[in-house]
There are 2 protein chains.
Amino acid sequence: MTISLSDIAERAGVSVKTVSGALHGGSARMSDETRQKVKAIAEELGYVTNLAARGVRQGWLPLVGVVSDGLITSPFATEIVRGLDGAARSAGMAVFAVNHSSGQSIGSVLDEVQQFRPRAVAYAAMYHKDVDLPPTLAGSVGVMINCREASGRVTSLVPDEEGGAREIVRYLLAAGRRRIAFINLPGILAGSLREKGFRAALEEAGIDPLGVFPAVRRSVYSDRAPSLVSSHVEALLSGQRPDAILCGNDRVAMEVYAALARAGLRIPDDIAVASFDNQVELASRLDPPLTTMALPHRAMGRLAMEILLAGQPEPPHLRQLPFHLVERASV
Amino acid sequence: MTISLSDIAERAGVSVKTVSGALHGGSARMSDETRQKVKAIAEELGYVTNLAARGVRQGWLPLVGVVSDGLITSPFATEIVRGLDGAARSAGMAVFAVNHSSGQSIGSVLDEVQQFRPRAVAYAAMYHKDVDLPPTLAGSVGVMINCREASGRVTSLVPDEEGGAREIVRYLLAAGRRRIAFINLPGILAGSLREKGFRAALEEAGIDPLGVFPAVRRSVYSDRAPSLVSSHVEALLSGQRPDAILCGNDRVAMEVYAALARAGLRIPDDIAVASFDNQVELASRLDPPLTTMALPHRAMGRLAMEILLAGQPEPPHLRQLPFHLVERASV
DNA sequence: AACTAATGGGTAATCGATAACCCACAAAGG
DNA sequence: CCTTTGTGGGTTATCGATTACCCATTAGTT
């Protein structure tokens, strides 16, 4: 029971193509009078463009498909969508997000998206990782976000983990800290890259790292299992006490805060704490508020959309985007 | 350069309609041989259904539009989408999320969605609130999620705040707690409804509440502003000490934990702490893990989709969904 | 053997919007 | 006065899939 162009045409006493031209074809030649009349009638009837119909003709819908590795759930991932959405909107496109649940193959999810004939498709990972796209599918994905595509056939946007780690360590050094420890996230790509940056920054200052510890996350399903973070902190404090602890993420920092509080140490006077993520709700509410490196999620989203919608695609490459230091009171 | 039914038809030496029947019309009468041959060729050519084309004919695309009040950003809101998505998937529908940014009118966002001719549209709020849908638009929204529609023209699904509060208080009472305080969230609908439940549960047990405090959130933009939560806790401790503190959400609970730690009190031995939200990342990581009432977000999403896709719509009504107690170690 | 019924499949219209093409008319130029 | 140019707008084909309708063949009935 929706209104179509022909309803408007009939009512206005003109042809369908004239209505189409008046409403959508910006430059279609036609008297201003006709255009106004058609627009008025369209408005009156409550006409809403049928993009499906246009899509058949055009061969695509004004959609950009975003296949994400798991549901867009984390606060950082949301930032990716925010970046994508902003850029898409200004190009008259809508973002169509589909999650790649663990049971499915990438191919089947991509097919699911392709059914809607999107203008372009991106693949986004929830955390920085390596992703293998089957060779046949490389052509249907325009950009990989927050992950490195192994074959190099697709442009990938990732955070510059190494550079980010270097920057925060330099910042700690500039603040006069010398005995710096790193409670890192184990077993993930970001962790190993950051460790490289961490060591490089200390090396260039001629300082030895006080230690790099893996922080095992406390599983959601075993609430009673103690975290390794506090034992790492205790180990650190029992030796040559550090004057700064760099944490793999804000949640680790939260545990570090608790452990330091138990030991009666003040932040940042006795020990500075810094981390990665800038999970605002958490970082800004800790006491003292946490200094942390914000991931370039929004920028990755925005850039991804620009690449997707650009007429002339660049040759595939890996692009590393810089972190952004958020200074609060913990250093 | 995509494959269409006619490409397959040509290759198979049959008509387009036969191909259509073989691939999509499950019950179309046709020899098994033909069907298999067509399917094989479709597979070989990598055919992907063009939903836009089907959509023109059908009058709608297999999409359910979800207009959300701000970007789907909070972890709880994600649960709504998860619920919607699961139910949509099993009905062969995809969820098309569009965010209602503050600058836009609801009408214009709805039009934006309607352009894609979705099968149904829902409106979801990020936190429990009242929403006024302009009368003209009431017809185009099938369900309101996490908000109450004022006119009563649209079915609304909301958490049963009052019941949830009653339940957690009864739980505290059952655990032997008698002097219970409530550090609530001020100025929001959920807060006032929970307060009713809080008082009701205590009243039915013949116990006076130890106090209800509004907790002013520390603004993200003024990191240095002290939270009122800790002063509330201090006030509580200086009087007749409570044996349980119910918190408006997990973040408030986090601040309460910190304040109690400073006062040298143990949880739950000296004071039990409970709250609302079940923000898993936070609640399960606090020490001790936090007992909290989980919001029925996933259930609201699932039920919303069922209502949207049900053939026979019920008359509009307000439906309150129960919270779910997540027992951890803080009580 | 003729007639009905079922089966397999083709023809062509249709959905709504767009676009290539054509036509009628008026103004301008020679 | 005739031709050119431009302007406003209609005709009709098209995109890809679906569907109402029709036709041919074969199997089953009497």
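The shown structure was predicted, so the numbers you read here are calculated from the model rather than taken from an experiment. Below, chains carry the letters A, B, ... as their sequence lines are ordered, and counting in each starts from 1.
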Worksheet, complete the sentence: Hits for ring-ring contact (aromatic ring centres under 6.0 Å, His included) against B:Y123, two or more places apart or cross-chain, chain-then-number order -> none

Item to complete: Mind grabbing the angle between the end helix axes of the helix from C:dA1-D:dT30 to C:dG30-D:dC1? Five pairs an end, 10° rounding.
Response: 60°

Between side-chain atoms of residues 135-151 of chain B and protein atoms elsewhere (two or more places apart, or another chain), which donor-acceptor pairs fall under 3.5 Å?
unit_1 : atom_1 : unit_2 : atom_2 : d
B:S140 : OG     : B:L137 : O      : 2.9
B:N146 : ND2    : B:A125 : O      : 3.0
B:R148 : NE     : B:D130 : OD1    : 2.8
B:R148 : NH2    : B:D130 : OD1    : 3.2
B:R148 : NH2    : B:D130 : OD2    : 3.3
B:E149 : OE1    : B:S151 : N      : 3.2
B:E149 : OE1    : B:S151 : OG     : 2.5
B:E149 : OE1    : B:G152 : N      : 3.2
B:E149 : OE1    : B:R153 : N      : 3.4
B:E149 : OE2    : B:L133 : N      : 3.2
B:E149 : OE2    : B:S151 : N      : 3.4
B:E149 : OE2    : B:S151 : OG     : 3.3
B:S151 : OG     : B:R153 : N      : 3.2
B:S151 : OG     : B:R153 : NE     : 3.3
B:S151 : OG     : B:R153 : NH2    : 3.4

Discussion item. What I'd like to find out is whether the side chain of B:L110 reaches to under 4.5 Å of the side chain of B:V67, using heavy atoms alone.
Written reply: yes

Fill in: Spacing of A:E33 atom CD relative to D:dT7 atom P, expressed in whole Å
17 Å

Fill in: Side-chain heavy-atom pair B:V48, A:R117 within 4.5 angstrom cut-off
yes

Worksheet item: Under a 4.5 Å cut-off applied to non-hydrogen side-chain atoms, are A:T155 and A:E314 in contact?
Response: no

Worksheet item: What's the CG-C1' distance between B:L5 and C:dT14, to the nearest Å?
Response: 15 Å

Practice prompt. Using atom CZ of A:R35 as one end and atom P of D:dT7 as the other, report the distance to the nearest whole Å.
Written response: 14 Å

Discussion item. Is the shortest side-chain heavy-atom distance between B:L23 and B:L5 below 4.5 Å?
Written reply: yes

Practice prompt. Using heavy atoms and a sub-4.0 Å distance, could you list which residues of residues 37-52 of chain A are near DNA chain D? By number, please.
Written response: none

Grab the N/O contacts between the protein and nucleotides 12-15 of chain D below 3.5 Å, and write none if there aren't any.
unit_1 : atom_1 : unit_2 : atom_2 : d
D:dT14 : O2     : A:R57  : NE     : 2.9
D:dC15 : O2     : A:R57  : N      : 3.4

Response to the item:
Here the distance between atom C1' of D:dG16 and atom CZ of A:F116, to the nearest Å, is 15 Å

Discussion item. Side chain of B:T34, heavy atoms from C-beta onward: which of C:dT11, D:dG8, C:dG8 has the nearest atom to it?
Written reply: C:dG8

Discussion item. Between B:Q104 and B:E112, do the side chains contain a donor N or O and an acceptor N or O under 3.5 Å apart?
Written reply: yes

Worksheet entry | Short side-chain N/O contact to D:dT18 OP1/OP2 from B:S20, under 4.0 Å | yes

Worksheet item: How close or far is atom P of C:dG16 from atom CG of A:L23, stated in whole angstroms?
Response: 15 Å

For a quick test of your reading: what N or O donor-acceptor pairs under 3.5 Å do the side chains of residues 55-66 of chain A make, sequence neighbours left out?
none

Worksheet, complete the sentence: Here the distance between atom P of C:dG8 and atom CG of B:D32, to the nearest Å, is 9 Å

Worksheet item: To the nearest Å, how far apart are A:R117 CZ and D:dA17 C1'?
Response: 11 Å

Discussion item. Check this for me, if you would: do B:D7 and B:R11 make a salt bridge, where the nitrogen-to-carboxylate-oxygen distance has to be below 4.0 angstrom?
Written reply: no

Worksheet, complete the sentence: Between B:G13 and A:S4, the residue closer to the 5' end of DNA chain C by nearest nucleotide is B:G13

Worksheet, complete the sentence: Taken to the nearest whole Å, CD1/A:I3 to P/C:dG16 is 10 Å

Worksheet entry | Pair B:R82-B:H297, side-chain donor/acceptor within less than 3.5 Å | no

Discussion item. Just so I know, are the side chains of B:L295 and B:E79 near enough to count as touching, which here means a heavy-atom distance under 4.5 Å?
Written reply: no

